[in-house]
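Quick notes on the structure that follows.
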Protein chains: 2
Amino acid sequence: MARRKASRGEGTRTALMEAALKQVARGRSFEAMSLRKLAQSVDIVPTAFYRHFESMEALGLALVDECLRTLRRMMREARERELPDSQILRDSVETYFRYVQANRLHFTFIMRERYGGVAALRHAIRAGIALFVSELATDLGRFPGLTRWTSEDLRMIAGLIVSTVTEATESVLEADGHHPEQVDLELALTEKKLRLVLLAVPHWRSG
Amino acid sequence: MARRKASRGEGTRTALMEAALKQVARGRSFEAMSLRKLAQSVDIVPTAFYRHFESMEALGLALVDECLRTLRRMMREARERELPDSQILRDSVETYFRYVQANRLHFTFIMRERYGGVAALRHAIRAGIALFVSELATDLGRFPGLTRWTSEDLRMIAGLIVSTVTEATESVLEADGHHPEQVDLELALTEKKLRLVLLAVPHWRSG
DNA sequence: TTTCTTTGTGAACACCTGTTGACTTTCGGC
DNA sequence: GCCGAAAGTCAACAGGTGTTCACAAAGAAA
């Protein structure tokens with residue numbers, strides 16, 4: 001066991017990050033993760049960990065960074081895609097779900113540590129998501145029925161959408177693999193929820 | 001230090017539970033909590049812990065039970081209150097927020113451990129919330145505009161409401177004490193969100 | 001008062017934890 | 001081929017972890 005050291009250089013750093021993500025995906029929370037076991041899982045002596053991260057918390061922050069980058073990448077791609085107009089809602093949710101499944105480790109990390117025990121990670125993730133909501137709000141402001149909405153109301157509806165999708169994300173992550181049919185159910189359910197929300201838009205007046 | 005043992009009997013058990021809740025409220029996740037420190041915080045030698053709980057996980061499950069009971073109690077009380085009809089939405093949200101602040105420890109535990117590292121707790125909490133959603137759905141079915149809705153659609157809208165309120169709960173818990181004005185902001189925001197959702201109800205047709 | 005159950009104690013177990021400092025290996029640039 | 005930085009190693013530290021077992025106090029029941 002423990003393949004001979006091969007001076008993987010920078011590779012070890014990313015290996016550590018990936019190993020940590022996998023641990024979280026297996027159920028453990030980041031706070032309860034052990035530096036030693038982590039090192040062992042990438043065939044490194046414990047002390048060598050410090051060659052790559054100043055502390056466990058530094059590792060955590062690096063992970064938050066990486067995961068939030070994945071989130072932003074998704075949003076950017078979504079913006080660049082043109083909108084087929086019909087079925088746009090269904091398509092958007094489906095695309096998002098696929099994205100979640102394709103980046104399972106990153107999303108589980110965000111979901112878990114968002115309410116996790118390490119304050120620094122919690123706050124970093126919250127800040128990232130808040131930013132995400134803001135961007136979504138300005139994006140929504142360009143939609144036909146929403147051009148005259150106040151930015152406050154746009155933030156409100158963006159928050160509503162995000163919390164709905166967030167909840168769905170948890171279901172997708174849990175069902176992924178074992179119960180593929182449940183993903184489809186959640187897809188339909190989420191689409192319905194968003195459709196209901198959008199249905200209210202034309203009748204809204206603030207105040 | 002460490003006041004003399006006073007044969008507090010059953011009291012120790014509840015003291016352990018309360019100490020654990022306080023730890024979680026201070027930021028630590030349940031998974032990362034130490035049996036020994038917990039025992040120490042209630043002036044008990046570590047081994048005496050086993051007189052009250054078979055294991056740490058058993059403690060956790062007992063806590064889930066207690067916290068979910070608090071949730072059900074709230075719902076029961078809400079059902080028994082008559083509805084002043086006007087301002088019902090605002091009043092309901094306000095009542096809920098007050099309830100959260102009055103039971104801060106229980107709600108933080110549920111929020112944290114819902115996505116926490118201990119699978120057994122996660123699942124127990126999820127099951128409890130799912131039940132909560134079901135009950136809310138049947139309650140909603142008795143409302144004027146919703147009598148003809150399918151149970152599936154009722155569950156959908158109940159889920160939408162719950163995820164909205166859940167998100168708000170986190171804000172309330174975080175703001176509590178330090179930033180009372182932010183609680184009011186969240187109150188207004190949440191009311192708006194729910195108002196928007198309900199606005200869509202008359203225009204909904206399933207399918 | 002004696003007996004029995006509950007609750008708490010103390011010593012000891014084997015093991016895991018993060019972090020230190022001084023040492024060795026590896027490898028790219030000169 | 002030599003040098004210096006980067007990456008990995010080893011031994012050791014002080015302390016924390018859950019759990020075991022036999023024992024002691026305390027209070028209720030008899």
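The sequence lines fix the lettering, A, B, ..., with proteins before strands; numbering per chain opens at 1.
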ask   = What is the distance from CZ of B:Arg51 to C1' of C:dG10, rounded to the nearest Å?
value = 13 Å
key: Between CZ on residue B:Phe132 and CD1 on residue B:Ile125, distance to nearest 0.5 Å   = 14.0 Å
request  = Could you tell me whether A:Arg73 and A:Glu77 have a side-chain N and a carboxylate O separated by less than 4.0 Å?
outcome  = no
key: Value in whole Å for how far the P atom of D:dT9 lies from CZ of A:Phe49   = 15 Å
task = Under 4.0 Å between any heavy atoms, over every strand shown, what does A:Tyr50 touch: base, sugar-phosphate, or nothing? Just pick one.
result = base
query = To the side chain of A:His52, which of D:dA7, D:dT9, C:dG8 is closest?
reply = D:dA7
task = Round to the nearest Å and state the distance from A:Gln40 atom CD to C:dC15 atom C1'.
result = 13 Å
query = Using a cut-off of 4.0 Å on non-hydrogen atoms, how would the nucleic acid contact of A:Thr47 be classed: base, sugar-phosphate, or nothing?
reply = base
message = Whole angstroms only, please: what is the CG-C1' distance between A:Leu38 and C:dT17?
response = 14 Å
remark   = Between B:Leu38 and B:Ser41, the two heavy atoms sitting closest are O-OG, 2.7 Å
note = By nearest-heavy-atom nucleotide on DNA chain D, the more 5' of B:Glu54 and A:Ala48 is A:Ala48
request  = Could you state the atom-to-atom distance from CZ of A:Arg36 to P of D:dC13 in whole Å?
outcome  = 14 Å
query = A:Ile44 side chain: which of C:dT19, D:dT9, D:dG16 is closest?
reply = D:dT9
query = Expressed in angstrom and rounded to an integer, what is the separation of A:Leu35 atom CG from C:dC16 atom P?
reply = 15 Å
ask   = A:Arg13 has an atom CZ; how far is it from atom P of D:dG8, in whole Å?
value = 13 Å
ask   = Do NZ/NE/NH1/NH2 and the carboxylate oxygens of A:Glu113 and A:Arg122 come within less than 4.0 Å?
value = no
ask   = Is a salt bridge present between B:Arg76 and B:Glu80, judged by a nitrogen-to-oxygen distance below 4.0 Å?
value = no
inquiry  = Tell me whether the side-chain N/O atoms of B:Ser34 come closer than 4.0 Å to OP1 or OP2 in D:dG16.
reply    = no
ask   = Rounded to the nearest Å, what distance is computed from the CD atom of residue B:Glu31 to the C1' atom of nucleotide D:dT17?
value = 14 Å
